[in-house]
Trainee: 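If you scroll down you'll find the structure; I have some questions about it.
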2 protein chains.
Amino acid sequence: MTAPPSRQIARELRGQIDRGELVAGDKLPSERVLAERYGVARNTAREAIRLLADQGLVTAEHGRGVFVRGKHRLLRFGAERYARTLRESTGLSPFRAEVERQGRVPSVNCVSIERVTPSAEIAERLLIDSDVETVVRRENWYFADDEPMQVGVTYSPWSIVEGTPVADSAKMGKGSLYARFEEVGHAITTIREEVSARMPTPEEAHGLKIPDGVPVLEVVHTGCDQDGVPFEVTVFVMRADYNGLDYKMPVED
Amino acid sequence: MTAPPSRQIARELRGQIDRGELVAGDKLPSERVLAERYGVARNTAREAIRLLADQGLVTAEHGRGVFVRGKHRLLRFGAERYARTLRESTGLSPFRAEVERQGRVPSVNCVSIERVTPSAEIAERLLIDSDVETVVRRENWYFADDEPMQVGVTYSPWSIVEGTPVADSAKMGKGSLYARFEEVGHAITTIREEVSARMPTPEEAHGLKIPDGVPVLEVVHTGCDQDGVPFEVTVFVMRADYNGLDYKMPVED
DNA sequence: CTCATCAACTGGCTTGAGCCAGTTGACCAG
DNA sequence: CTGGTCAACTGGCTCAAGCCAGTTGATGAG
């Protein structure tokens, strides 16, 4: 019934972290030191560290050591991110506003704009027929202090965005994306957000520079206009150690 | 630049899963077979499987083998879960309703009811002074087909629930918790949900029987009444491979 | 002073061996 | 037919050794 050595070592280290004997940024003893200290093989010490890494408590850096991960203040996103007043008063996109609120430097990079045929998942949410209608796909990467935070892929029907900057321009101009939609008769009025969490794919882990033991939040966002018509779907993938969601809403009868 | 063997093997297996050559429930070749097939040590084959497990693609079962994990249909929870009409029309708690909608058998187990002094986090959301006021803490476990799905810990001020079943009874009676709150003058009117995701603690992984590579969603839910007064905070921890959230809400100006 | 070099550290990954502990199904005694 | 035993499988975990590849800081050449 006694736990295997790797787990015991992990538990001990975890205790030191929980009790504050090791704090964010501190370096753990090296694998070789741990192995000697506990009288085990290096592989066993390594396994202990892996257990902690899988819990998201530490991050190994090749050549440097293993470090205690800090708890970051989360960037919190909610419905107000789409509010017109925010757009008009700050002139900032919602992501920029939230990042700046924490004293960090935001940047957004639109990496591609394409006209594509939508997946079934997207077509369903836009209430269009994927055999007939095409959509514009815009892929945006969001950074804070040059660290990648989120990827957002926005889809909207070609029939709506044709001729607007949304269809082909990386720069959205004043008021950003939703101001452009409003100009063509689609003011964002209600949203639906489907939230789930999972481990990143290897591509996501690499692209977002996500360390081991950190999941991603996946948010499928659908924006509907004043008539309840969906006009854009955005799929966000955000690293869960830096991002969270914060929704306030009425309970309808 | 060529990837290490363990990664190559993992990539190959992942490819087989992605292409549908291995489907949910299928058994992977055993570690020893993989090792021989690829001409590597057993540890290396083992490492490859570990990589897949960390991505949440497979689950190892001691003595049985390694199996491809299925994508489950998610239980989706949103604001309508608190709607009075749902309460009154079905007589079911929102969790039960959602689980039954998927043809599974729900059960809820109230494991403890205590009067405690609230943490700072809870006190802040209830707008009370943790030095003066106590709260009732109710811990509920939610199951579908006897598999644990969620843990919910509800806190509400003693001054509100004193004398009601909320303060001391596991059975809430018709209409469940929120009907009782309504009887003492607090009809749930708006909610705030703070959502984040992380890897489970060892205790959570054990209690919820969460396999490796599956994160949890943590939802801090605050319920406010018709006057905007917060009267209950519930912290949900749900396994992210079975649960998701689905919110619809208006965008306020 | 500046800059390249290099030794001594770090983790990354593999080998091949061994023992332990669940699971399963065949087989056999009753 | 029933029930127990047991062999052959599975993954869980460890060992001791080795090589590779980043990082860092001291050292010394210019």
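No experiment lies behind these values; they were computed from the predicted model shown. In the text below, chain A, chain B and the rest are named by the order of the sequence lines, each starting its count at 1.
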Trainee: Do nucleotides 17-25 of chain C as a string where each nucleotide becomes B, S or -: B if the base has a protein heavy atom under 4.0 Å, S if just the sugar-phosphate does, - if no protein is that close.
Mentor: BB--BBSS-
Trainee: Suppose we screen for ring pair (Phe, Tyr, Trp, His ring centres under 6.0 Å). Which residues come up paired with B/H72, at least two apart in sequence or across chains?
Mentor: B/Y242
Trainee: Check the distance between D/dT14's C1' and A/L34's CG and give it to me in whole angstrom.
Mentor: 16 Å
Trainee: Taking the side chain as everything from C-beta on, heavy atoms only, tell me whether A/Y38 gets closer than 4.5 Å to A/Q8.
Mentor: no
Trainee: Using the side-chain hydrogen bond (donor to acceptor under 3.5 Å, both in side chains) criterion, which residues pair with A/R115? Sequence neighbours excluded.
Mentor: A/T134
Trainee: Rounding to an integer number of Å, can you tell me how far B/K27 NZ sits from D/dC9 P?
Mentor: 11 Å
Trainee: List for me each residue that meets side-chain hydrogen bond (donor to acceptor under 3.5 Å, both in side chains) alongside A/R11, sequence neighbours excluded, and say none if there are none.
Mentor: none
Trainee: Can you run down the side-chain hydrogen bond (donor to acceptor under 3.5 Å, both in side chains) pairs that involve residues 41-54 of chain B, sequence neighbours left out, and say none if there aren't any?
Mentor: B/E31-B/R42, B/E31-B/R46, B/E47-B/R50, B/R50-B/D54
Trainee: If the condition is salt bridge (Lys or Arg N to Asp or Glu O under 4.0 Å), which residues does A/R138 pass it with, not counting sequence neighbours?
Mentor: none
Trainee: Atom CD of A/E31 to atom P of C/dG12: distance rounded to whole Å?
Mentor: 6 Å
Trainee: List in numerical order all residues of residues 4-14 of chain B for which some heavy atom is under 4.0 Å away from an atom belonging to DNA chain D.
Mentor: none
Trainee: From CD of A/E47 over to C1' of D/dG11, roughly how many Å is that when rounded to an integer?
Mentor: 13 Å
Trainee: According to side-chain hydrogen bond (donor to acceptor under 3.5 Å, both in side chains), does anything in residues 212-221 of chain B pair up with another residue at least two apart or in another chain? List the pairs.
Mentor: B/Y82-B/H221, B/R198-B/E218, B/H221-B/E232
Trainee: Starting from C1' on C/dC13, measure out to CD1 on B/I49 and report it in whole angstrom.
Mentor: 17 Å
Trainee: List the residues meeting side-chain hydrogen bond (donor to acceptor under 3.5 Å, both in side chains) with B/D26, not counting sequence neighbours, and say none if there are none.
Mentor: none
Trainee: Can you tell me if A/R46 touches the phosphate of C/dG12, counting only side-chain N or O atoms and a distance under 4.0 Å to OP1 or OP2?
Mentor: yes
Trainee: Can you list, in residue-number order, the parts of residues 201-216 of chain A that come under 4.0 Å of DNA chain C, counting heavy atoms only?
Mentor: none
Trainee: Could you state the atom-to-atom distance from CD of A/E36 to C1' of D/dC15 in whole Å?
Mentor: 16 Å
Trainee: Taking CZ from A/R50 and P from C/dC13, how many angstroms apart are they, rounded to a whole number?
Mentor: 12 Å
Trainee: Describe, in one word, how the ring planes of A/Y247 and B/Y247 are oriented to each other, choosing from parallel (under 30°), tilted (30 to 60°) and perpendicular (over 60°).
Mentor: tilted
Trainee: With sequence neighbours excluded, what pairs up with A/R101 under the salt bridge (Lys or Arg N to Asp or Glu O under 4.0 Å) test?
Mentor: A/E98
Trainee: Tell me, please, which residues at least two apart from A/R19 pass side-chain hydrogen bond (donor to acceptor under 3.5 Å, both in side chains).
Mentor: A/E21
Trainee: Examine C/dT15: is either OP1 or OP2 under 4.0 Å from a nitrogen or oxygen in the side chain of B/T44? Give yes or no.
Mentor: yes
